[in-house]
Every structure is written in C-alpha cells, then in structure tokens.
Asker: 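Take a look at this one; I'll ask things after.
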Amino acid sequence: MQTPAPQPEILLPRTGQGRRLFDDENLDLLSHVLEDCFRIPGTRIRFGIDGIIGLIPGLGDIITGLSACIIVVAAWFRGVPYVTLVRMLVNVAIDVIIGAIPFLGDIFDIAWKANRRNYKLLTRHLSEPHRHTWRDWCVLLLLALTITGILLVPVILLAWLMAHFVHALRLR
C-alpha cells in the first residue's frame, strides 16, 4: 500500500531570526510604535507614528489604515472568529474615516488608538478562544443598523419628496 503524498503546508512569513513575523511580541511592538511610543512632556498624552503620519492630508490616513490592517491580517491568520475580525475592521474604519477630518481627526486618532484596541481583541481571543462578549455582538448590531439607516435615508427622502410633489400637484 502506498502512502499519500504530504499536503503542502501554509506557513507564516518568518523574520531573519527564524521567528514568526506575526508573533505576539512583534504585534505588540507594532501597536505600541503606531499608537503610543511618544509622550508629550508634562502630560499623560501619548501618541505614535500613526498620529504623526496621519497629519499628511489624504495620504497619511490611507497609510495608517493599511498599517492598521497588519494586526487584522495577523488575527485572521491565527483563526480569530469573524465576529472579532469585523470588530477589528470597524475599529480601523472609524480610525481612517474620522482621522481624515483635518486637525480634529488627528486629535481623535490619538485618543482612539485602534491598533491597541485590535491587539487587545487579538490577545483576548488567544487567551479565551471561544469567548465572544456581548460587546462583539453589539458592535455587529450597531454596524448593521448604521448601514441600514444609511441605505434607508435616500429611500425615505425620495418618498417624502414624491409625496410632497404629489400634494403640490393636487393643490393646483
């Protein structure tokens, strides 16, 4: 009897020292550098490269959004459930969308710290793999309601305009 040929294995990229690129230490360092490696002297306010790059209009927010996706991709490689991945993507989307607002978005970006939030979500899943909190599901529900609201606003506005137009025609 012949043994079957071994199946190819998908391995994560390795760094020069033979360690995994997406290990906890590297991801923690990445989130620290992006979010809170600098401190404003005399205050407790911390910011990172993300806050500095975000000052570049337009391009800065795209670059920081792409860098934030590294942690999300690492979580996906590690098998984090989709509900947690969606929460992570929502954190990144909020960071990018609100961060695109000049000046106020940059202040928000320094306070929001999407990368630290995502790293905490990743480590929570790794320590308790099958635990989903009510917050995970609330974020998904809020996201679904927001998208539904955004899609319904034009429909409601169009219906109101048509009713107003029909009412105006009847008055003539």
Side-chain angles (χ1 to χ4, degrees), residues 12-150 153:
L12 298 176
R14 293 188 176 269
T15 61
Q17 299 86 15
R19 292 179 22 196
R20 295 205 185 268
L21 182 62
F22 292 142
D23 70 358
D24 289 344
E25 187 178 320
N26 288 338
L27 292 174
D28 186 34
L29 178 64
L30 174 67
S31 67
H32 172 68
V33 167
L34 288 173
E35 299 294 0
D36 56 12
C37 62
F38 304 112
R39 185 174 59 86
I40 297 174
T43 68
R44 299 176 80 195
I45 300 171
R46 300 188 72 82
F47 63 96
I49 304 287
D50 193 355
I52 296 170
I53 295 173
L55 292 172
I56 302 169
L59 183 64
D61 297 307
I62 293 170
I63 292 170
T64 59
L66 290 173
S67 65
C69 287
I70 293 171
I71 296 173
V72 178
V73 169
W76 180 66
F77 274 133
R78 290 174 162 211
V80 170
Y82 288 124
V83 65
T84 306
L85 289 173
V86 170
R87 272 195 76 183
M88 295 171 97
L89 288 172
V90 168
N91 285 338
V92 172
I94 289 171
D95 189 35
V96 170
I97 292 169
I98 297 178
I101 300 169
F103 188 66
L104 294 176
D106 298 316
I107 293 171
F108 174 82
D109 188 41
I110 290 171
W112 182 246
K113 300 189 186 313
N115 296 299
R116 292 308 269 174
R117 290 171 185 267
N118 287 345
Y119 181 72
K120 286 179 186 175
L121 287 170
L122 171 64
T123 55
R124 184 192 78 192
H125 168 74
L126 295 176
S127 65
E128 301 173 30
H130 299 293
R131 179 178 161 241
H132 302 297
T133 65
W134 62 271
R135 285 183 170 182
D136 295 330
W137 296 106
C138 285
V139 167
L140 287 182
L141 178 64
L142 184 62
L143 179 64
L145 291 173
T146 302
I147 290 171
T148 303
I150 290 170
V153 166

Asker: Distance from S67 atom OG to I49 atom CD1, nearest 0.5 Å?
Answerer: 10.0 Å
Asker: Thinking salt bridges, do D28 and K120 make one under a 4.0 Å N-O criterion?
Answerer: no
Asker: Which atom names give the shortest non-hydrogen contact between A74 and L27, and what distance separates them?
Answerer: CB-CD1, 3.6 Å
Asker: Do F108 and I101 come close enough that some side-chain heavy atom pair is under 4.5 Å?
Answerer: no
Asker: Look at atom CH2 of W112 and say whether more than 12 heavy atoms of other residues, nucleotides or ligands are closer to it than 6.0 Å.
Answerer: yes
Asker: Sequence neighbours left out, what passes side chain to side chain contact (heavy atoms under 4.5 Å, CB included) with I62? Give chain and number order.
Answerer: L66
Asker: What pairs with D61 under side chain to side chain donor-acceptor pair (under 3.5 Å), at least two apart in sequence or on another chain?
Answerer: none
Asker: For D106, which residues count as a side chain to side chain donor-acceptor pair (under 3.5 Å) partner, sequence neighbours excluded?
Answerer: none
Asker: With rounding to the nearest 0.5 Å, note down the distance linking CD1 in I98 to CG in D109.
Answerer: 10.0 Å
Asker: Measure the shortest side-chain to side-chain distance between N91 and L121 over non-hydrogen atoms and say whether it is less than 4.5 angstrom.
Answerer: yes
Asker: I want to check something: taking the side chain as every heavy atom from C-beta on, are N115 and L30 in contact at a cut-off of under 4.5 Å?
Answerer: no
Asker: Working to the nearest 0.5 angstrom, can you tell me the gap between L34 CG and I52 CD1?
Answerer: 10.5 Å
Asker: Is the side chain of R46 donor-acceptor paired with the backbone N or O of E35 at a distance under 3.5 Å, no angle test?
Answerer: no
Asker: Are I63 and I56 packed together at the side-chain level, in the sense that at least one heavy-atom pair is separated by less than 4.5 angstrom?
Answerer: no
Asker: With rounding to the nearest 0.5 Å, note down the distance linking CZ in R44 to CZ in R39.
Answerer: 10.0 Å
Asker: Measure the CD1-CD1 distance between I107 and I45 for me, rounded to the nearest 0.5 Å.
Answerer: 9.5 Å
Asker: Start with the C-alpha distance between V90 and L142, add both sets of side-chain angles, then the distance that settles side-chain contact (heavy atoms from CB on, under 4.5 Å), and finish with yes or no.
Answerer: CA-CA 11 Å; V90 168; L142 184 62; over 6 Å; no
Asker: So which heavy atom on V72 is nearest to which on L85, and how close?
Answerer: O-CD2, 3.8 Å
Asker: Output the distance between atom CG (L141) and atom OG1 (T148), rounded to the nearest 0.5 Å.
Answerer: 9.5 Å
